[in-house]
Amino acid sequence: MANYSFEDFPPGRRFDFAKRTLTADEIIAFAREFDPQPMHMDEEAGRASILGGLAASGWHTSAIMMRMLFDAYLDGSTSEGSPGVDSMEWKRPVLAGDTLGGHCEVLEARISRSRPELGIVRMRAELTNQRGEIVAVCDYINMLRLAGKDADHAHG
């Protein structure tokens, strides 16, 4: 049984993220695999850049935000995935040792006209550092089944 269905997402509903501290090793491992620019791979190169230190790739920051969304509400929900992201902004560098937190909030919720068993939920996620500064903002859409509307396929 899912913990959250469409009906649990009225405008204004907020889900807080658990905090997570990034290590230099995590930043370098992600960069090595997906974004091997010098400021993501080497402390000295990061300090010499406009970022001011060993900085997580924006894509790494986005992946962390995705995990926080999963842990906050997607796990066990009736989510059927997302048709996309309206915007993703990286506002400040995320440096080794930063502790990230934040929240997401429901902006709009409506039942799909073409698939009335699904609700369309427009949301905004904000990721903050240990100083409360916003480091990333994402506006996105989730599709969630209505309560009692079974699907013949796996949750997304």
Side-chain angles (χ1 to χ4, degrees), residues 2-6 8-110 112 118-145 154-156:
N3 294 326
Y4 296 113
S5 59
F6 169 75
D8 296 310
F9 291 83
R13 173 90 190 252
R14 184 176 153 147
F15 297 88
D16 292 324
F17 299 151
K19 294 190 183 307
R20 176 180 175 163
T21 301
L22 262 68
T23 67
D25 288 344
E26 286 178 284
I27 290 171
I28 293 167
F30 184 94
R32 186 176 291 121
E33 179 78 13
F34 300 107
D35 189 358
Q37 297 182 73
M39 68 286 251
H40 306 317
M41 299 282 295
D42 179 74
E43 177 70 38
E44 191 174 308
R47 276 196 308 275
S49 77
I50 63 171
L51 301 176
L54 181 65
S57 165
W59 299 111
H60 189 184
T61 302
S62 297
I64 290 167
M65 180 185 283
M66 182 64 227
R67 181 58 198 232
M68 290 177 160
L69 291 168
F70 178 82
D71 291 342
Y73 75 89
L74 286 170
D75 187 21
S77 75
T78 62
S79 175
E80 290 291 330
S82 174
V85 171
D86 294 322
S87 68
M88 180 72 219
E89 298 178 51
W90 303 313
K91 300 288 201 177
R92 293 181 178 273
V94 173
L95 304 176
D98 279 354
T99 298
L100 302 179
H103 68 276
C104 61
E105 184 174 338
V106 177
L107 303 177
E108 299 173 26
R110 66 176 177 80
S112 171
L118 292 179
I120 308 297
V121 181
R122 185 172 300 280
M123 300 186 74
R124 170 170 288 159
E126 293 184 352
L127 205 56
T128 56
N129 63 20
Q130 65 276 9
R131 293 177 296 281
E133 299 165 329
I134 296 173
V135 299
V137 177
C138 182
D139 290 330
Y140 63 99
I141 296 171
N142 251 142
M143 299 179 297
L144 293 114
R145 286 191 317 278
H155 304 22

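Heavy atoms only: backbone and side chains are in, while hydrogens, waters and symmetry mates are out. Here, residue 1 is the first one in the sequence, and each next residue gets the next number.
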List the steps and the verdict of side chain to side chain contact (heavy atoms under 4.5 Å, CB included) for Ile141 and Arg122.
CA-CA 4 Å; Ile141 296 171; Arg122 185 172 300 280; 3.6 Å; yes
Do you know the tightest heavy-atom contact between Met68 and Ala18?
CE-O, 3.4 Å
Kindly give the heavy-atom pair with the smallest separation between Asp98 and Pro93, and that separation in Å.
OD2-O, 3.9 Å
Would you check if Lys91 and Val135 make a side-chain contact, meaning some heavy-atom pair closer than 4.5 Å?
no
Given the options Asn129, Leu54, Ile64, Leu22 meets side-chain contact (heavy atoms from CB on, under 4.5 Å) only with Ile64
Would you please test Met66 and Leu74 for side chain to side chain contact (heavy atoms under 4.5 Å, CB included) and show each step?
CA-CA 10 Å; Met66 182 64 227; Leu74 286 170; 3.4 Å; yes
Do the non-hydrogen side-chain atoms of Glu89 and Ile134 ever get within less than 4.5 Å of each other?
no
Using a distance-only test with no angle check, is there a side-chain donor-acceptor pair under 3.5 angstrom linking Tyr73 and Asp8?
no
Grab the two heavy atoms, one from Met65 and one from Leu127, that are nearest each other, plus how far apart they are.
CE-CB, 3.8 Å
Leu118 and Arg145: CA distance, side-chain angles, deciding distance, side chain to side chain contact (heavy atoms under 4.5 Å, CB included) verdict
CA-CA 4 Å; Leu118 292 179; Arg145 286 191 317 278; 3.7 Å; yes
For residues Arg124 and Glu126, determine if any side-chain heavy atom of one lies less than 4.5 Å from a side-chain heavy atom of the other.
yes
Main chain of Met143, side chain of Glu80: is a donor-acceptor contact present, judged purely on distance under 3.5 Å?
no
Looking at every heavy atom in both Pro11 and Leu107, which two are closest together, and how far apart are they?
CB-O, 3.8 Å
Measuring from atom CG of Leu69 to atom OG of Ser82, what distance do you get when rounded to the nearest 0.5 angstrom?
10.0 Å
Where Leu144 and Phe6 come nearest, the two heavy atoms and their spacing
O-CB, 3.8 Å
Nearest-0.5 Å distance, SG of residue Cys104 to CZ of residue Arg13
9.5 Å
Point-to-point distance, once rounded to the nearest 0.5 Å, from OG of Ser77 to CZ of Phe9:
6.0 Å
Atom OG1 in Thr128, atom CD in Glu133: separation rounded to 0.5 Å?
9.5 Å
What verdict does the side chain to side chain contact (heavy atoms under 4.5 Å, CB included) test give for Arg20 and Glu26, after you've listed the backbone C-alpha separation in whole Å, the side-chain angles of each residue and the deciding distance to 0.1 Å?
CA-CA 12 Å; Arg20 176 180 175 163; Glu26 286 178 284; 2.5 Å; yes
Quick check: are there more than 12 heavy atoms from other residues, nucleotides or ligands sitting under 6.0 Å from CH2 of Trp90?
yes
Which heavy atom in Ile27 sits nearest to a heavy atom in Ala55, and how many Å separate them?
CG2-O, 3.5 Å
Taking the side chain as every heavy atom from C-beta outward, state whether Asp16 and Arg14 have any atom pair closer than 4.5 Å.
yes
In the structure I gave you, are the side-chain heavy atoms of Ser62 and Met88 within less than 4.5 Å of one another anywhere?
yes
Straight-line distance of Met123 CE to Asp86 CG, nearest 0.5 Å
13.0 Å
Could you check whether atom CD of Glu44 has more than 12 heavy atoms from other residues, nucleotides or ligands sitting under 6.0 Å from it?
no
Can you measure from NE2 (His40) to OG (Ser49) and round to the nearest 0.5 angstrom?
8.5 Å
